[in-house]
Participant: 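Okay, handing you the structure first.
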Amino acid sequence: MAGLSFENYQRNQFLSSRTNGTPKATSTGTTIVGVKFNGGVVIAADTRSTQGPIVANKNCAKLHRMAPRIWCAGAGTAADTEEVTKLVGSNLELHSLYAGRAPRVVSALQMLKQHLFKYQGHVGAYLIVAGVDPTGAHLFSIHAHGSTDVGFYQSLGSGSLAAMAVLEANWKPELTKEEAMTLAADAIEAGIWNDLGSGSNVDLCVMEVGKDAAYLRNHRTPNVREPKQQSYKFARGTTGILSQRVLDVCQVEEQVVDVEA
Amino acid sequence: MASTIASEYSNEVKNVPIEHQFNPYSDNGGTILGIAGEDFAVLAGDTRHTTDYSINSRYEPKVFDCGDNILMSANGFAADGVALVKRFRNSLKWYHFDHNDKKLSLQSAARSIQHLLYGKRFFPYYVHTMIAGLDEEGKGAIYSFDPVGSYEREQCSAGGAAAPLIMPFLDNQVNFKNQYQPDSQGTKRRDKKYLNIDEVIKLVRDAFTSATERHIHVGDGLEILIVTKEGVRTEYYDLKKD
Amino acid sequence: MSDPSSINGGICVAMTGKDCVAIACDLRLGSQSLGVSNKFEKIFPFGHVFLGLTGLATDVLTLSEVFRYKTNLYKLREDRYIEPQTFTQLVSSTLYEKRFGPYFTGPIVAGINSKTGKPYIAGFDLIGCIDEAKDFVVSGTASEQLFGMCESLYEPNQESEDLFETISQALLNSADRDALSGWGAVVYIIKKNEVIKRYLKTRQD
C-alpha cells in the first residue's frame, strides 16, 4: 500500500498513444515571494488557481504549514505542492519528536530537495520555504528538479518576474517587520495585476524569532467583485420535472444509557 | 514518449526530433458579444489585449463603428482582426464612391465580409467576426462569421476566448431556453419577448463581469456600442484588472 | 477533443444554499459523437455524502466502486457514516496515490456535515488537488459553460427550492451548448433530514 502506485501507467500510456493530448492537472499559476527582515522572515502568495485559461479557484490557499514555525509557499502543480508539503511536514514532526528538538528549516529544505530530486522533476513542486528555528530565521527556494537557493528575498511562479521587479526596486538591507510585510504584499500585487496566471487576494505569513507564526489569510483583498446588475433568481416551477423521489436518509439516534442500572 | 499528465512546469524528455517552424498566428484573447433588440443592436467587447500570460494593453478597443450604422468586431488574432476591419472599411468607402454614397445594407455588408474571409480560405484570418446593425425593416440584427466566412444571422451571439462561458447564459436569458411557465408543470414554454435597451445592457455587463471572474484573458474594461436608427452610441464600464 | 477525459462526455455541478446543498449531473454516456446510453448516472451516494464523477466512464465506475468499498470499511470501523470533509480527504489521497498513472476523472463532493449541520462542497482535479469552494464547483466536458452559467446565475443563501431552479438551469443550458453532454439530467437536493432526487425534462438531441 505504501508509496505511489503505477498500476494504471501502462494503460494510460496506451490511451495517450491512441488519443491526442492528456488532461491538465490544476496549476497554481501563481506569484509567491519570501522576504527576510530583522528578526524574522515573511512569505506571501496570491490566491488564484487555474486549469488552462480558466480560473479553477478564486481564493485558494498556497501557504502551507510544514511545522508550527516553518511555512512553505507553493507554485507549479497544485496537487504536488500540497502533497509534498504534507509528506515532509509529517516526517518533520516525527523527526522533531525523535530528536526532542524544534524542527529546523534546513531539515525541511534537505527533505524536500531529496524527495524532489528522486522524482527527477516529475513531481512539479516549486517552493519557497521559510521559517524560524533555534538557529534563527531562514529563507530558501526549491525547484522541481531539486535545486535550492538561499537569499534575502525570493520569488517563484508565473508572476515571479513581476514580483522580482518590485523586490529588486524596493528591497534594502535591515528591513523592519512592517516594511518586509509591505514589500512582500506589494510584490504579490505586481503579480496579481500584471501576470494573468495570478490574481485575487494576498495571503501572508510572518515568522518572527521566538514568536508564533502569524498566518494572515487574505491580508489584502483588492479584487472584490462588484454587485451584479440584477438578480437571476428563477420563479419556482421554471424547470421541467419528469419525476421525483424522496430518498431514505439514515438517521442516527444517540442515547445515553446508564450502565449502573 | 508522451507524458502522462501535461503540466506547464514539467519538461519531459521527448524522443522525437526537434523541429522549428514560424507560426504566423497568435492568440490575443478577449471576448465579444452581440445582442439584437427590436429596434436596436449592441456589440460589446472587453478592452484587454494579451499574449500568453502577459497583458499588452488594458485599453485596446476592438469594436468599431464602420459607418452606415454598421458595427464590426473581429476577435482572436488581433493583427488579423484589425486588418479585416480595415479592409471592410476600405471596401465600404469604395462602395460609396462607386454607387453615389448609397448606404450599404447590413445583409450586403455580411455577404461582402464573407468574400473578404473566404478570399483567404487557405491562409485564413484567425478571427471570429461579428457585425451588428439594423436590417431593412429597422429591426436589430447580428451576423456572426467563422474564420473562413460561413455566417448566420442571429438574435444574439458571443465570440472569442470566453464565448463558451457566455453563450449558454445568453440562450437562457435572451431566448429563455429551458424555461417553462411556472404553473404549467413544464408543458408551456416561457413566452418569448424582445428585451429593451436597459435590460440588454444589464445582461451584457453581468455576462462580462462573470467572464472576467473565470477567464484570465478577459478583463480591464468593457466597451459597448449601441446602434439605433438615431445612430451609434458608446458606453464604457471598468472591469476587474487582475 | 479526444483526450481520455472527453471520450465519453458528461458533466456534474454542485452548489450550496441556505442549510442545503444541491448536486446535479447529466445522463449521457457516449463514444465520441455517438450516444450510447441515456441512463448513465454520475452521482453516487455514500451515506449522506454525494460524489459526482465525470470523465472516462470506465474510471467513473471503477472509482465509484473503490469508494463504496472504502466507505463501507470506514462505516464498519467507525460505526457511523463518513462526513463530507473526511470523504474529501479520502478522495484526494486515493487519487494522488495514482499520481503517475491517474484515473481520468473530475470528482466533486457535496453533503451536509451531520455534526455541524453546515453545507459542504469540494471539487478535485484528476490527481486529487482539492478545490474547496463556498459557492459552487463544476466538472466535465462542459465545465467552461458551467463556470459561465454558475458565475452569473448563482447567489448565496437560497432556499432549497430556489437553489433547485438555479442549479437545474445552470446544468441544462450548459449541456445544450456541449455536444458531449445532455440526454437527461438528475438533481439531488440535500437538506439535513431530507434528500429529494429529481429527473429533469431536457432536450434529447
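Each chain gets a letter, A, B and so on, in the order its sequence line appears, and its residues count up from 1.
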Participant: Looking at B:Tyr194, I'd like to know if its OH atom is crowded, meaning that more than 12 non-hydrogen atoms belonging to other residues, nucleotides or ligands lie closer than 6.0 Å.
Facilitator: yes
Participant: Does a sphere of radius 6.0 Å around CZ in A:Arg11 hold more than 12 heavy atoms from other residues, nucleotides or ligands, not counting ones at 6.0 Å or beyond?
Facilitator: yes
Participant: Tell me, side chain or backbone of B:Leu203 under 4.5 Å from chain A's heavy atoms, or both, or neither?
Facilitator: both
Participant: May I ask you to check whether over 12 heavy atoms, not counting those of A:Arg220, lie within 6.0 Å of atom CZ?
Facilitator: yes
Participant: Quick one: what part of A:Glu226 sits under 4.5 Å from any heavy atom of chain B, side chain, backbone, both or neither?
Facilitator: side chain
Participant: Is B:Tyr126 atom OH crowded by more than 12 heavy atoms from other residues, nucleotides or ligands, each under 6.0 Å away?
Facilitator: no
Participant: If you draw a 6.0 Å radius around CG in A:Asn218, do more than 12 non-hydrogen atoms from other residues or ligands fall strictly inside?
Facilitator: yes
Participant: Mind running side-chain contact (heavy atoms from CB on, under 4.5 Å) on B:Lys202 and A:Lys228 for me, showing each step along the way?
Facilitator: CA-CA 9 Å; B:Lys202 279 183 188 171; A:Lys228 283 206 270 271; over 6 Å; no
Participant: Nearest 0.5 Å please: distance from the OG1 atom of A:Thr50 over to the CZ atom of B:Arg214.
Facilitator: 11.5 Å
Participant: Enter the distance from B:Ser54:OG to A:Asn194:CG here, rounded to the nearest 0.5 Å.
Facilitator: 9.0 Å
Participant: Of all of B:Gly219, B:Gly186, B:Pro182, which one pairs up most often with chain A through heavy atoms under 4.5 Å apart?
Facilitator: B:Pro182
Participant: Do other residues, nucleotides or ligands put more than 12 heavy atoms under 6.0 Å from B:Lys229 NZ?
Facilitator: no
Participant: Looking at CZ of A:Phe234 and CG of B:Asn178, how far apart are the two atoms once the value is rounded to the nearest 0.5 Å?
Facilitator: 9.5 Å
Participant: Give a yes-or-no answer on whether the side chains of A:Tyr232 and B:Asp206 include a donor-acceptor pair shorter than 3.5 Å.
Facilitator: yes
Participant: How far apart are the closest heavy atoms of B:Tyr53 and A:Gly52, and which atoms are they?
Facilitator: OH-O, 4.4 Å
Participant: Select one option (side chain, backbone, both, neither) describing which atoms of B:Phe169 are under 4.5 Å from chain A's heavy atoms.
Facilitator: side chain
Participant: Where on A:Ile241 is there a heavy atom nearer than 4.5 Å to chain B: the side chain, the backbone, both, or neither?
Facilitator: neither
Participant: Taking all atoms of both residues into account, what is the closest heavy-atom pair of B:Leu165 and A:Ile54, and its distance?
Facilitator: CD1-CD1, 4.1 Å
Participant: Between A:Gly237, A:Gly240, A:Ala235, which residue shows the highest count of heavy-atom pairs closer than 4.5 Å to chain B?
Facilitator: A:Gly237
Participant: Counting heavy-atom pairs under 4.5 Å to chain A, which of B:Thr209, B:Asp220, B:Ile55 comes out on top?
Facilitator: B:Thr209
Participant: Taking every non-hydrogen pair under 4.5 Å, which of B:Glu213, B:Arg205, B:Gln179 racks up the most with chain A?
Facilitator: B:Glu213
Participant: Let me know if B:Asp198 has heavy atoms under 4.5 Å from chain A in its side chain, its backbone, both or neither.
Facilitator: neither
Participant: Is it true that the side chains of B:Arg190 and A:Thr238 contain a donor and an acceptor less than 3.5 Å apart?
Facilitator: no
Participant: Check each atom of B:Lys241 against the heavy atoms of chain A and say whether the ones under 4.5 Å are side chain, backbone, both or neither.
Facilitator: both
Participant: Take atom CD in B:Gln185; do more than 12 heavy atoms of anything else shown fall under 6.0 Å from it?
Facilitator: no
Participant: Quick check for you: to the nearest 0.5 Å, what is the distance between A:Asn223 atom CG and B:Asp242 atom CG?
Facilitator: 3.5 Å
Participant: Are B:Ile216 and A:Val55 side-chain neighbours, meaning at least one heavy-atom pair lies under 4.5 Å?
Facilitator: yes
Participant: Is A:Asn201 close to chain B through its backbone or its side chain, or both, or neither, when contacts mean heavy atoms under 4.5 Å?
Facilitator: neither
Participant: Using heavy-atom distances under 4.5 Å, tell me whether B:Glu199 contacts chain A through its side chain, its backbone, both, or neither.
Facilitator: backbone
Participant: So what's closer than 4.5 Å to chain B heavy atoms on A:Arg225: side chain, backbone, both or neither?
Facilitator: both
Participant: So what's closer than 4.5 Å to chain A heavy atoms on B:Thr50: side chain, backbone, both or neither?
Facilitator: side chain
